[in-house]
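What follows is a set of notes on a single structure, which appears directly below.
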There are 2 protein chains.
Amino acid sequence: MKVAGTSAPPETAPAASRPGLRELKKQRTRDLLLRSALELFTERGYEETTVDDIAEAADVSQRTFFRYFASKEEAAFFVSRLAESRFVEAVHARPPGEAPLDALRLALAESWDTIGEAVEQVVPLELHMRFYRVIESTPALLAAHLRRATELEEEIARVVAGREGLDIDRDPRPRVVVAVFGAVMRVTERIWSARDDAGLAALRDLTATYLDQVTPALTGDWRGPET
Amino acid sequence: MKVAGTSAPPETAPAASRPGLRELKKQRTRDLLLRSALELFTERGYEETTVDDIAEAADVSQRTFFRYFASKEEAAFFVSRLAESRFVEAVHARPPGEAPLDALRLALAESWDTIGEAVEQVVPLELHMRFYRVIESTPALLAAHLRRATELEEEIARVVAGREGLDIDRDPRPRVVVAVFGAVMRVTERIWSARDDAGLAALRDLTATYLDQVTPALTGDWRGPET
DNA sequence: AGGCTAATGACAGCCTCTGACAGTTGACAA
DNA sequence: TTGTCAACTGTCAGAGGCTGTCATTAGCCT
């Protein structure tokens, strides 16, 4: 189970953060709790899984679970949180010349891979994607998901306002564009989760397609189908 | 405590649905629970109010509360539900020629009064508006609010799809427009709830203003401020 | 008036989450 | 190596949301 060096040379690690046995154990317990939780959630359902079940599957007490995660819900969204932060970084990295909606669309397009990597470091990507469908079909989880999405949008709206040199408290447009972007994302997730093919690639393609349709859907004429 | 006539002439009531003493009592208990709940929520906070508190304020047992409302949350949103159904009716009543976004905007504009009336029949409108601010500042309530908004959007999207003669499962545009509309509504609510003037009139004006800015915010140039 | 049924209250119990206390184990210095 | 300190953990007790059960009450109907 040991991973670090033979005896105990803490100065060999880079100046970054130097794991330490205790830290390693903690991280392993956390990841184990996370995996146990997501597996149970996807197999038997979120509501049907008690915290005691998760704790037992990870061989810790219920009390310990709550020391790692403030709530059952927080455990459920821990991985999503990782993914989202990657997207935020990508938005930050966009060149300032682009129109806001374009910047968001392109940031998303180029962060899919980074997101996949981040997820894989904690739980199998496939498990995460399967759990995403559980979110959509579980009212309590969907509610939490939407609230978290709103918070994320607020954060991104500030970034957009900064890019455009606008005061977010005086000009509503940054929030409006981001809200529109988020709305399309949610519609996409919903449709994706109802499909048979619920892989990452399918979600990526759907998202790209729908984002391209925002402007025409709002302004253009509605004559003629366009699956 | 008695309210009805002296002895018992049930045939005096209109043919509509003939209340009956039992029905009346039920409705009064429900309204009392609703008022007690909203008052406690606004005075001391949602999380700080227990179901026992509400039941006690309405002089019923906790068990009875749960027979009227499936959850504390359901009680919190009961009045909002009334308001929303009025809006849906207004959308239905819009002439078929209008562009979807216009239909939504106009339906909203003309349903404010009806909404006010519907609310007043259960609790004071002012109490409802005050509670709306509690929703925005209480994570658990905000989450529930957003989930409910999503369900409402799905319903409206079907209406829009019907108006335009589109298959909602083959054309994403109805959902997209409605999602955009809903997104703007939520941004408006949020900004409104953070203001000092949180009356109904202020919300109505803010909504009208923001909805007019959707299209320019997405397509137009972003040069020049426009509070 | 008397029977029928809906509505209520009074437990008992499950689940999420928290505080308190004590036991265990890694980290670090003597 | 050993002892001390701090972090991590388990156990216990309890609050609050929510549900099932059962006896009692109260409206309704003949």
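Letters A, B, ... are given to chains in the order of the sequence lines, protein chains preceding strands, and every chain is numbered from 1.
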Taking atom C1' of D/dG27 as reference, at what distance in whole Å does atom CD of B/Glu23 sit? 11 Å
Ring-face cation contact, A/Phe66 with A/Lys72, 6.0 Å cut, 45° max: no
What nucleic acid atoms does B/Tyr68 come within less than 4.0 Å of, heavy atoms only: base, sugar-phosphate, or nothing? sugar-phosphate
Hey, which sits more toward the 5' end of DNA chain D by its nearest nucleotide, A/Phe65 or B/Ala70? A/Phe65
Rounded to whole angstrom units, what separation is found between the CD atom of A/Gln62 and the C1' atom of C/dT16? 7 Å
Suppose the criterion is side-chain hydrogen bond (donor to acceptor under 3.5 Å, both in side chains): which pairs have a residue in residues 56-70 of chain B, not counting sequence neighbours? B/Ser61-B/Thr64
The side chain of B/Lys26 is closest to which nucleotide in this list: C/dA7, C/dG9, C/dT16? C/dA7
Heavy-atom distance under 4.5 Å between the side chains of A/Glu120 and A/His128, does that happen here? no
Among C/dT8, D/dT21, D/dA7, which nucleotide sits nearest the side chain of B/Arg63? D/dT21
Return the value, rounded to whole Å, for the distance between atom CZ of A/Arg28 and atom P of C/dG26. 11 Å
Among C/dT16, C/dC11, D/dT11, the one nearest any side-chain atom of A/Ser61 is D/dT11
Among D/dG17, C/dC21, C/dT18, the one nearest B/Phe66 by side-chain distance: D/dG17
Run the numbers on B/Thr207 and B/Arg105 for side-chain contact (heavy atoms from CB on, under 4.5 Å), then give the verdict. CA-CA 9 Å; B/Thr207 308; B/Arg105 208 183 61 229; over 6 Å; no
Considering heavy-atom distances to DNA chain D, does A/Arg67 or B/Val51 have its closest nucleotide positioned more toward the 5' end? A/Arg67
Atom CG of A/Asp59 and atom P of C/dT24: how far apart are they, to the nearest Å? 19 Å
Pick base, sugar-phosphate or nothing for A/Thr50, based on heavy-atom distances below 4.0 Å to the nucleic acid. sugar-phosphate
Under the criterion side-chain hydrogen bond (donor to acceptor under 3.5 Å, both in side chains), which of B/Glu189, B/Glu73, B/Glu136 is the partner of B/His145? B/Glu189
Rounding to an integer number of Å, can you tell me how far B/Leu24 CG sits from D/dA26 P? 17 Å
Whole-Å gap separating P (C/dC17) and NZ (B/Lys72): 14 Å
Whole-Å distance separating the CD atom of A/Glu56 from the P atom of D/dT11: 12 Å
Measure the distance from CZ on B/Phe69 to P on C/dT8 and round it to the nearest whole Å. 11 Å
